[in-house]
Amino acid sequence: MVGCAHWDVAAAASQKLKRAALPASLFAASFVMLVTAFVDPAPALDAPPARAPETTPLPMFKNPRAALRAGLESYHAGDAATSVAALRYAAEGGEPLAQWKLGRMYADGDGVTRDDAKAFDYFSRLVDHFAEEDPDPRERSLAANAFVAVGVYLRDGLSAAKIEPDLGRAFDLFRYAATYFRNADAQYHLARMYLDGVGVKRDLRQSVNWLELAARKGHPQAQAVLGGLMFSGEAGGGATQKARGLMYLTLARDAVAGGGANDQWIIDAHAKALSAAREEDRKAAVALLEDYLRARN
């Protein structure tokens with residue numbers, strides 16, 4: 001488990017981020033919350049609108065907040081052309097949700113031609129903003145998501161935006177989001193860097209600590225990696241951990257069942273552990289799983 005020491009890390013990281021400007025080119029990944037905090041309830045943001053032309057004229061709005069509202073309403077109605085123009089107006093006016101939504105649309109090719117460089121630009125504005133100003137409660141999840149996704153792109157690099165990998169910076173961003181926001185995605189990515197020795201010296205104990213935090217939040221990738229380490233005995237505890245490892249692998253498998261090819265490794269890891277488990281380990285895993293689910297309900 002990670003103790004209070006990590007909050008000291010968060011405070012230090014926060015001061016560090018506020019003293020030094022973050023890179024001017026940063027990116028963020030998928031995020032689904034926060035719409036209701038800014039606008040009236042509306043259909044899910046994932047509703048697929050039609051593709052919008054890149055040259056849609058920019059209309060005039062009363063203010064950026066009004067443009068944000070109009071953009072989201074147009075998006076939900078399937079009018080991506082109007083949506084993009086309105087969201088651009090709102091984004092230029094400093095509306096974080098508009099910047100995030102445009103970044104997500106360009107990153108996914110959702111209603112526009114996919115353009116990672118444009119997505120990177122919109123998400124970088126978010127990270128720069130939240131490095132200088134603490135988010136209010138409505139924006140915490142959005143901010144955490146921005147820091148995590150920026151870390152992913154800095155870890156891997158982004159050729160479309162001519163961004164070279166920066167493992168040290170990626171590590172700092174993951175650690176900040178993992179401690180300050182207690183974000184499960186950040187905790188998982190931080191754990192993987194410790195586990196793989198990427199951007200930081202390999203530290204299995206630290207990796208397991210962060211994986212446990214993310215796994216308890218229901219993060220399937222963290223559950224799968226932690227379960228595999230427990231089942232193999234690498235996480236410590238030897239044979240006594242096999243049942244708990246199989247429990248986490250089962251939770252991860254169930255969470256991604258029917259998902260895409262990117263999650264196949266989780267299904268394969270569960271199948272491999274299940275076939276290698278003894279009957280007593282399987283029965284113990286079932287009992288642990290029942291207790292886990294009962295505690296969460």
Side-chain angles (χ1 to χ4, degrees), residues 2 5-34 37-38 64-65 68 87-88 90-107 116-158 160-194 198-200 210 213-214:
V2 179
H6 290 293
W7 289 102
D8 296 332
V9 174
S14 177
Q15 292 302 316
K16 177 180 177 183
L17 286 168
K18 294 183 180 193
R19 287 197 301 267
L22 289 173
S25 47
L26 299 172
F27 182 75
S30 163
F31 175 68
V32 189
M33 309 276 303
L34 246 104
F38 291 89
R65 182 58 57 88
L68 172 64
L87 290 172
R88 284 176 182 162
E92 292 304 318
E95 287 291 337
L97 183 56
Q99 293 168 353
W100 173 81
K101 185 57 182 173
L102 282 170
R104 191 73 266 145
M105 289 172 74
Y106 279 114
D116 286 329
K118 287 184 179 180
F120 194 93
D121 176 67
Y122 280 115
F123 282 116
S124 70
R125 301 184 199 185
L126 282 172
V127 178
D128 288 342
H129 173 74
F130 289 122
E132 297 296 330
E133 180 177 325
D134 289 334
D136 67 33
R138 298 175 302 169
E139 297 174 330
R140 285 182 63 85
S141 294
L142 185 154
N145 178 259
F147 275 89
V148 170
V150 163
V152 171
Y153 275 80
L154 289 180
R155 181 195 64 195
D156 300 338
L158 182 60
K162 298 182 179 179
I163 299 299
E164 297 295 326
D166 187 341
L167 298 177
R169 192 54 155 172
F171 177 83
D172 287 342
L173 292 173
F174 289 147
R175 182 172 57 180
Y176 182 82
T179 54
Y180 184 67
F181 296 116
R182 291 190 261 188
N183 178 270
D185 286 329
Q187 291 165 349
Y188 168 70
H189 288 299
L190 185 62
R192 288 306 303 256
M193 293 189 82
Y194 275 120
V198 174
V200 66
W210 288 112
L213 287 177

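Please read all numbers here as calculations on a predicted model, not as lab measurements.
- Ring pair Phe174/His189 is parallel by interplanar angle, where below 30° counts as parallel and above 60° as perpendicular.
- Taking CD from Gln187 and CZ from Phe181, the interatomic distance works out to 12.5 Å, rounded to the nearest 0.5 Å.
- When all heavy atoms are compared, the tightest approach of Ala186 to Ala178 is CB-N, 3.5 Å.
- Remark: Leu142 CG to Asp136 CG distance equals 10.0 Å, nearest 0.5 Å.
- When all heavy atoms are compared, the tightest approach of Leu126 to Pro96 is CD2-O, 3.4 Å.
- In summary, Arg125 and Asp128 do not engage in a salt bridge, as defined by a charged side-chain N under 4.0 Å from a carboxylate O.
- When all heavy atoms of Gly103 and Phe123 are compared, the closest pair comes out as C-CE1, 3.1 Å.
- Between Tyr153 and Leu173, every side-chain heavy-atom pair lies at or beyond the 4.5 Å cut-off.
- Taking both residues in full, the closest heavy atoms of Gly199 and Met193 are given as CA-CE, 4.1 Å, listed atom of the first, atom of the second, then distance.
- Closest heavy-atom contact between Ala107 and Ala119: N-CB, 3.6 Å.
- Contact record, Ala143 with Pro135: CB-CG, 4.0 Å, taken as the closest heavy-atom pair.
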Could you go step by step and tell me if Arg192 and Val198 meet the side chain to side chain contact (heavy atoms under 4.5 Å, CB included) rule? CA-CA 8 Å; Arg192 288 306 303 256; Val198 174; over 6 Å; no

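- Taken from CD in Glu139 to CG in Asn145, the straight-line distance is 13.0 Å, to the nearest 0.5 Å.
- No donor-acceptor distance shorter than 3.5 angstrom exists from the side chain of Gln99 to the backbone of Tyr122, with no hydrogens or angles considered.
- Atom CD in Glu95 sits 5.0 Å away from atom CG in Leu68 (nearest 0.5 Å).
- Asp116 CG to Asp121 CG: the interatomic distance, rounded to the nearest 0.5 Å, is 12.5 Å.
- The CH2 atom of Trp100 lies 10.5 Å from the CG atom of Leu87; values are rounded to the nearest 0.5 Å.
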